[in-house]
Number of protein chains: 2
Amino acid sequence: MPRIVNHEKKRKSIAEAAWNIIKKEGTEKASIRRVAIEAGMSAGALRHYFSTKDEMLLFIMDYYLEEGKKRSQSKSWSENPLQAVEEVLLELVPIDEEKKIETSVWWILALQSLTSDTLKEKKDEMTNGTYELANSMIEILVLKGILSDSINVKLEKSRLAALIDGLSIHALLRPDVYSPEKVKEVIRYHLETLCNESQLN
Amino acid sequence: MPRIVNHEKKRKSIAEAAWNIIKKEGTEKASIRRVAIEAGMSAGALRHYFSTKDEMLLFIMDYYLEEGKKRSQSKSWSENPLQAVEEVLLELVPIDEEKKIETSVWWILALQSLTSDTLKEKKDEMTNGTYELANSMIEILVLKGILSDSINVKLEKSRLAALIDGLSIHALLRPDVYSPEKVKEVIRYHLETLCNESQLN
DNA sequence: CTTTTATTAACACAGTGTGTTATTATAATT
DNA sequence: AATTATAATAACACACTGTGTTAATAAAAG
């Protein structure tokens, strides 16, 4: 009976409009009204697709995380497991302009999740990503027998996750000190210290 | 000629009022009007001491950083340099409720500094803290001859700073996974890996 | 007692997120 | 083809926000 429009498609187009604003002017400029205008609709119309702002922001993050996943899946990783791990970890760190924006939005949302009720529910889901990926990476290295025997696997997982997110935030806030090259260097250095000397080329 | 009031004292009392709100309800609830009421004055009066909200927030951070410094200066550090370094680093990480609040406000402000013009100027000053402290700690360990010969001092500084801030943010966002004990464990573990085996007790 | 000026209060303004209500448009039913 | 049900949209109202401006108050100095 009703006129039918592709709900999900419209949400995506809204997300893209919002992203354009965020890219240029930051998260807090992406108000519902501004995004609505950018997306070519009224604020009330937008509210029909996202009943709350946090909902919109969450969708945006999910959407762009998906995009990122697709990107990394289509990527071909190195044969050398150590190098492959390094490449995966580099995906988590803002080494180019696009990832910089994604990362800053990400951290802002993550910190907002401490006080916003809407975001609170998704907090763990949001913040778990790096931790799980770090775990996987360590496990891969363990399976491949590359890791030095003296390491504590459990602690290495926690350490790697923290290091990556620390680098992520430093690269964001102090790009002069933590340049993409520097970040890469630190990650490589860290991985090297985990390994048997004999495994290094 | 004019009535005289202690400007700085009033700013501090405002800062404390704001801090009370932030502690209970988060940064974004600390609006000028709310803080003014909490401090027992009108919004216009508050504006006389802080002409902008960012200015107020910056003062609050400075104020509480000073308090933190005083606290750590009055503290007595261990004789064992490795242990002393560990204790200093633990000061940077949200292992108790008070530091949790300080840290979350800190990160929120730091990330806002990416888009807010007022905060932008203070960005480096704000974000440099951990980096410089990490540098000092590594240098102390170098001077004491505790560090293993195989390490790259420069990279270790960057790595430590990133690790500490990463732990800081993880302890904030995932206190279930990164409990105070876990954080301590990771820091200790990291320091141990930097050292000569012979130096460890 | 008057003058001077720091301090305070009271608004106005544009912007925000969030709701509610009315209107439009369209697919299905009669 | 006319009617109807309802998704989609628009247009408000509301209580906030930060930021200004402008007038009133209070107290120290002449």
Side-chain angles (χ1 to χ4, degrees), chain A residues 1-15 17-18 21-22 24-61 105 108-109 112-113 115-122, chain B residues 1-15 17-18 21-22 24-61 105 108-109 112-113 115-122:
Chain A
M1 314 136 175
R3 125 188 222 205
I4 214 103
V5 318
N6 189 328
H7 220 85
E8 208 55 17
K9 228 174 195 172
K10 207 125 194 183
R11 282 163 76 99
K12 283 178 187 173
S13 82
I14 292 171
I21 296 173
I22 291 173
K24 286 179 233 146
E25 306 173 53
T27 335
E28 70 276 16
K29 293 289 174 183
S31 70
I32 287 181
R33 287 168 179 80
R34 279 273 278 120
V35 172
I37 292 171
E38 181 88 15
M41 57 176 72
S42 81
L46 192 150
R47 235 181 97 72
H48 208 256
Y49 298 101
F50 296 109
S51 56
T52 196
K53 195 192 177 180
D54 287 344
E55 205 179 289
M56 182 182 80
L57 290 176
L58 275 177
F59 179 85
I60 293 174
M61 287 317 299
V105 175
I108 288 169
L109 277 178
Q112 273 176 6
S113 76
T115 43
S116 152
D117 291 331
T118 325
L119 296 176
K120 205 168 279 179
E121 300 170 19
K122 286 232 171 188
Chain B
M1 318 134 178
R3 124 186 223 204
I4 214 104
V5 317
N6 190 328
H7 220 86
E8 209 55 18
K9 228 173 194 172
K10 206 126 194 183
R11 281 164 77 99
K12 283 179 187 173
S13 83
I14 292 171
I21 297 174
I22 292 172
K24 286 178 233 147
E25 307 173 52
T27 336
E28 70 275 16
K29 293 289 175 183
S31 70
I32 287 180
R33 288 167 178 81
R34 280 273 279 119
V35 173
I37 292 170
E38 182 88 15
M41 58 176 74
S42 81
L46 192 151
R47 234 181 98 71
H48 209 256
Y49 297 101
F50 296 109
S51 57
T52 197
K53 194 192 178 179
D54 287 344
E55 204 180 290
M56 182 181 81
L57 290 175
L58 276 177
F59 179 85
I60 292 173
M61 288 315 299
V105 175
I108 288 169
L109 277 179
Q112 273 177 5
S113 76
T115 43
S116 152
D117 290 331
T118 326
L119 296 176
K120 204 168 281 179
E121 300 170 20
K122 286 231 172 190

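The figures here come from the full heavy-atom set of this structure, side chains too, leaving out hydrogens, waters and symmetry mates.
- Two residues, B:R47 and B:N6, neighbour DNA chain C, and the one matched to the more 5' nucleotide by heavy-atom proximity is B:N6.
- When rounded to the nearest whole Å, the span between NE2 of A:H48 and P of C:dT23 equals 17 Å.
- Rounded to whole Å, the distance from CE on B:M41 to P on C:dA6 is 18 Å.
- If you take CD of B:E55 and C1' of D:dT19, they are 13 Å apart, rounded to a whole angstrom.
- Following rounding to the nearest Å, A:H7 (NE2) and D:dT9 (P) show an atom-to-atom distance of 9 Å.
- In this structure, the CG atom of B:L46 is 11 Å from the P atom of D:dT19, given to the nearest Å.
- With sequence neighbours excluded, the residues that form a side-chain contact (heavy atoms from CB on, under 4.5 Å) with B:E28 are A:T115.
- For B:Y49, a side-chain nitrogen or oxygen approaches OP1 or OP2 of C:dT8 to under 4.0 Å.
- Contacts of B:L109 classified as side-chain contact (heavy atoms from CB on, under 4.5 Å), with partners at least two apart in sequence or in another chain: B:L57, B:M61, B:V105, B:Q112, B:L119, B:M126.
- Using a 4.5 Å heavy-atom cutoff, the side chains of A:E8 and A:F59 are in contact.
- For residues 31-51 of chain A, the set of pairs meeting the salt bridge (charged side-chain N to carboxylate O under 4.0 Å, His left out) definition, not counting sequence neighbours, comprises A:E25-A:R34.
- Shown here are the side chain to side chain donor-acceptor pair (under 3.5 Å) partners of B:S51, two or more places apart in sequence or in another chain: B:E55.
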Restricting to nitrogen or oxygen on both sides, can you table the protein-nucleotides 11-17 of chain C pairs closer than 3.5 Å?
from	atom 1	to	atom 2	distance (Å)
C:dT16	OP1	A:S31	OG	2.8
C:dG17	OP1	A:I32	N	3.4
C:dG17	OP1	A:K53	NZ	3.1
C:dG17	OP2	A:I32	N	3.0
C:dG17	N7	A:R33	NH1	2.8
C:dG17	N7	A:R33	NH2	3.4
C:dG17	O6	A:R33	NH2	2.9

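- The shortest distance between the side-chain N/O atoms of A:K10 and the OP1/OP2 oxygens of D:dT9 is below 4.0 Å.
- For A:S13, the side chain to side chain donor-acceptor pair (under 3.5 Å) criterion is met by no residue, not counting sequence neighbours.
- Following rounding to the nearest Å, A:F50 (CZ) and D:dA8 (C1') show an atom-to-atom distance of 15 Å.
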